[in-house]
Amino acid sequence: MPSEIRHDWSREELLALLGLPFPELLFRAAAVHREHFDPALGQVSTLLSVKTGGCPEDCGYCPQAQRYHTGVDATKLMDAGKVLEKAR
Ligand code: SF4
């Protein structure tokens, strides 16, 4: 039976979900995934750093921030055309 999209979850129902063992959650998520996607297919993604290091912002968790010395050389922002080329 296909899973039903709901927007009326009660607090108790949500807490019960959060209390489920991880393998049960994994099983349920896989079942829903199989309703909508071919389980034999996977998506391949690639991360591209369009600018490495030297960010003027100061997000405490981020090694790209200027104040951190990571040993990785900072680079200028990549040309938009090059980014598009890599994306394609
Ligand atoms: S998360 Fe990192 S890269 Fe993004 S703005 Fe903050 S310091 Fe800069």
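The structure presented is a predicted model; accordingly, all values stated were derived computationally and were not measured. Start at 1 and go down the list; that is how both ligands and their atoms are numbered.
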- First locate atom CZ of Arg67, then atom SG of Cys62, and finally report the distance between them rounded to the nearest 0.5 Å. 10.5 Å
- Task: Measure the distance from atom 6 (Fe) of ligand 1 to every protein heavy atom, then report the residue, atom name and distance (to 0.1 Å) of the closest one.
- Result: Cys59 SG, 2.4 Å
- Take atom 1 (S) of ligand 1 and look for protein heavy atoms under 4.0 Å from it; say yes if you find one, no if not. yes
- Can you sort out which atoms of ligand 1 are near Gln64, meaning under 4.0 Å from one of its heavy atoms? 2 (Fe), 3 (S)
- Task: Tell me whether Leu15 is reachable from Leu25 by hopping between hydrophobic residues (I, L, V, M, F, W, Y) whose side-chain heavy atoms are closer than 4.5 Å.
- Result: no
- Task: Enumerate the atoms of ligand 1 whose separation from the nearest heavy atom of Tyr61 is less than 4.0 angstrom.
- Result: 1 (S)
- Backbone of Ser10 reached by a side-chain donor or acceptor of Glu13 within 3.5 Å: yes
- Query: So, does Tyr68 use its side chain to make a donor-acceptor pair with the main chain of Gly60 at under 3.5 Å?
  - Reply: yes
- Message: Would you say that Val50 contacts Lys86 through its side chain, given a criterion of any heavy-atom pair below 4.5 Å between the two side chains?
- Response: no
- Task: Note the single closest protein heavy atom to atom 8 (Fe) of ligand 1, along with its residue, its atom name and the distance in Å.
- Result: Cys55 SG, 2.3 Å
- Any N/O/S atom of Cys62 sitting less than 2.8 Å from atom 8 (Fe) of ligand 1, backbone or side chain? no
